[in-house]
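So you know, we letter chains A, B, ... as the sequences are listed, proteins then strands, and number each from 1.
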Amino acid sequence: MTSRLERVTEQRLNSLKRIRSKGVNPYPHSYYPSHTSADAIALFGRQGESPQSMSLAGRVVARRRMGRMAFLDIRDGSGKIQLCFRRDLLGDEDYEFLQEIDIGDVIGVEGKLFRTRAGEITLEASDFTMLCKSLRPLPEKWHGLADVEKRYRHRYLDLIASEEARSIFRVRSRITAAVRSFLNARGFVEVETPVLQSQAGGALARPFVTHHNALDEDLYLRIALELPLKKLVVGGFDRVYEIGRVFRNEGISVRHNPEFTLLECYQAYADYNDMMNLVEEMVSSVAREITGSTRIVCGGKEIDLAPPWQRRYLRQTIKSYCDIDFEDYPDTASLRSRMGEAGMEVDAAKGRGRLIDELLASFVEPDLIRPTFLLDYPVEMSPLAKRKRDNERLAERFEAFVNGIEVANAFTELNDPVEQRERFQQQLGERVGDEDVEIADEDFLQALEYGMPPTGGLGVGIDRLVMLLTGQQSLREVILFPQLKAKSDD
RNA sequence: GGGCCGUUAGCUCAGUUGGCAGAGCACCUGACUUUUAAUCAGGGUGUCGCAGGUUCGAAUCCUGUACGGCCUACCA
């Protein structure tokens with residue numbers, strides 16, 4: 001801490017002492033405002049601007065003192081409202097006590113609304129209460145907090161200073177609520193499954209490892225929700241979903257955070273076609289509920305999320321972009337050499353599935369701006385998906401892309417327990433280098449042996465969906481506390 | 001992991017050719033009963049990210065390093 005900050009803090013600690021010496025508790029236990037600022041203003045309008053006694057509470061964000069009269073702005077969860085304090089109404093003692101209220105303090109205030117000469121609806125205070133003394137100066141009122149690192153590390157300051165930040169996280173809450181009500185209305189049951197698992201299955205990613213002391217066992221933080229949810233389908237939950245945090249020990253970027261929120265839902269007796277309909281309906285109806293329209297603006301581009309979304313086959317799409325038909329290269333070696341011919345630097349630790357993924361990521365994905373389903377992925381990229389009815393080399397799987405970002409991944413779930421066991425084996429056999437592979441979960445296989453009905457499954461990255469619907473270009477803008485490297489000072 | 005850029009007062013930012021560390025907001029004192037980025041008069045201010053180096057002299061030039069941002073590579 002440097003001296004200016006120290007001095008402000010010292011002044012405020014002195015103010016605290018003065019407050020206490022007057023027998024006032026600067027940190028009382030509760031306060032019950034009769035209205036929020038937004039409700040109060042709306043009510044005043046509805047009642048023909050007739051004054052009515054009420055109480056409000058919020059953080060002081062501005063102060064304009066003018067001798068025997070002062071204006072303060074407070075902000076609560078609903079918005080901002082101006083307060084007016086007059087010496088002649090409050091009396092000398094209370095008006096003097098106003099000196100102890102600084103910008104940043106939280107106060108409660110009682111009074112009646114009126115409209116100022118400038119036309120602003122304002123509460124004329126008849127009494128006020130210190131609810132919390134603040135010891136630190138807030139960010140500058142006009143420019144706010146511009147330092148991106150400080151915005152993420154001290155998100156509360158960002159929220160105090162930035163209406164846009166407040167708005168994004170309120171919208172995020174409405175989005176998850178809308179997704180839940182969409183699924184609940186269709187008979188899906190929301191469940192919670194373990195974050196700590198003895199094996200991290202359901203996706204291909206490096207897990208975080210931790211240790212349970214009492215059991216003396218290593219445990220993994222989940223990388224997907226898939227396997228437990230499919231066990232629940234076996235258990236008779238025909239429509240089930242979870243919105244949960246998953247953890248992947250991989251790179252951080254504007255599109256990746258080590259922990260992120262995943263929606264997975266499973267519908268018995270459905271296939272990936274049904275999941276396509278479900279996801280396009282869900283995303284477009286959530287968008288309509290949140291923004292009032294299916295048209296969104298992202299990175300300067302207008303995108304219409306209304307169904308039906310474009311449907312294209314992965315194989316033909318990749319071929320159209322880079323003239324490589326992966327069906328012509330049935331093994332890793334031949335595909336790798338073809339990609340080498342095309343001038344691509346190919347990582348020797350990648351299997352055929354990863355190579356195809358690379359073709360997709362580098363040639364196709366950035367161009368998939370309008371909502372698009374890419375259909376039918378090679379079986380080896382999709383160990384938990386059922387083979388296509390007319391092509392055993394492909395799986396009934398799709399990924400949905402909007403604005404160049406993958407937002408959903410779904411398949412017709414593989415429910416043949418013998419084939420599932422083989423696919424896990426095959427994954428291990430074809431493993432190249434230290435590539436991540438799908439891990440066989442014995443209890444999952446047993447569950448399939450008891451019998452899982454034909455099922456469609458869908459995964460949606462909620463953070464990315466929020467990015468899309470709020471027009472943000474970075475995942476960190478939609479995650480309250482994004483992962484940053486630890487910093488020892490401040 | 002690689003490349004580029006940034007880091008100066010609580011906040012937002014200037015800082016010229018290497019020559020006393022600056023402004024606005026905020027803060028303190030005073031004036032002010034309709035202000036609202038209030039206004040007016042006055043006041044105080046810093047680990048120039050950190051560590052070295054060059055120099056009579058470094059916020060400024062050089063080296064290293066930490067953190068962050070963007071691009072890139074991998075993953076959703």
Is the distance from OP1 or OP2 of B/rC32 to the nearest side-chain N or O of A/Arg64 less than 4.0 Å? no

Carboxylate-amine/guanidinium proximity below 4.0 Å for A/Arg172 and A/Glu477: no

Would you say B/rG68 has OP1 or OP2 under 4.0 Å from some side-chain N or O of A/Lys150? no

Take A/Lys112 and A/Leu123 through the side chain to side chain contact (heavy atoms under 4.5 Å, CB included) test and state the conclusion after the steps. CA-CA 5 Å; A/Lys112 290 179 178 172; A/Leu123 188 86; 5.6 Å; no

A cation-pi test, strictly: NZ or CZ of A/Arg397 under 6.0 Å from the centre of the six-membered ring of A/Tyr377 and no more than 45 degrees from its axis. Yes or no? yes

Would you kindly give the CD1-to-C1' distance between A/Ile160 and B/rU12, to the nearest whole Å? 17 Å

Quick check on RNA chain B: between A/Ala146 and A/Glu149, whose nearest nucleotide comes earlier from the 5' end? A/Ala146

Measure from the side-chain heavy atoms of A/Val8 and tell me the nearest of B/rC27, B/rC75, B/rU33. B/rC27

Going from CG on A/Leu98 to CE on A/Met69, what distance comes out if it is rounded to the nearest 0.5 angstrom? 12.0 Å

Considering only B/rU12, B/rU34, B/rC75, which nucleotide approaches the side chain of A/Arg354 most closely? B/rC75

When the C1' atoms of B/rG18 and B/rC62 are compared, how many Å lie between them, rounded to an integer? 13 Å

Please confirm whether any donor atom in the side chain of A/Arg7 sits under 3.5 Å from an acceptor in the base of B/rG44, or the reverse. yes

Taking the six-membered ring for Trp, are the ring centroids of A/Tyr241 and A/Tyr266 within less than 6.0 Å of each other? no

Of all the nucleotides listed (B/rG68, B/rC75, B/rU33), which has the minimum atom distance to the side chain of A/Met69? B/rU33

Options B/rU33, B/rU36, B/rG69, nucleotide nearest the side-chain atoms of A/Gln82: B/rU36

Are A/Arg65 and B/rU34 close enough that a side-chain N or O sits under 4.0 Å from OP1 or OP2? no

Can you check whether A/Arg12 has a side-chain N or O nearer than 4.0 Å to OP1 or OP2 of B/rC27? no

Any salt bridge (charged side-chain N to carboxylate O under 4.0 Å, His left out) pairs touching residues 253-264 of chain A, not counting sequence neighbours? A/Arg245-A/Glu259

Proximity to the side chain of A/Ala118 - top-ranked nucleotide from B/rC70, B/rU12, B/rU35: B/rU35

So, A/Glu250 and A/Arg206, do they make that salt bridge, N to O below 4.0 Å? no

Strand contacts (RNA chain B) in residues 398-410 of chain A, 4.0 angstrom heavy-atom criterion: A/Glu406

Which nucleotide in the set B/rC75, B/rU12, B/rG68 lies at the smallest distance from any side-chain heavy atom of A/Lys485? B/rG68

Of A/Arg68 and A/Leu145, the one whose nearest nucleotide on RNA chain B sits closer to the 5' end is A/Leu145

Can a side chain N or O of A/Arg255 be found less than 4.0 Å away from OP1 or OP2 on B/rC75? no

Of the candidate nucleotides B/rC25, B/rC67, B/rU33, which contains the atom at the shortest distance from the side chain of A/Lys141? B/rC25

Please report, rounded to the nearest Å, how far the P atom of B/rU36 is from the CG atom of A/Leu83. 16 Å

For A/Phe398, give me all partners under ring-ring contact (aromatic ring centres under 6.0 Å, His included), at least two apart in sequence or on another chain. A/Phe373

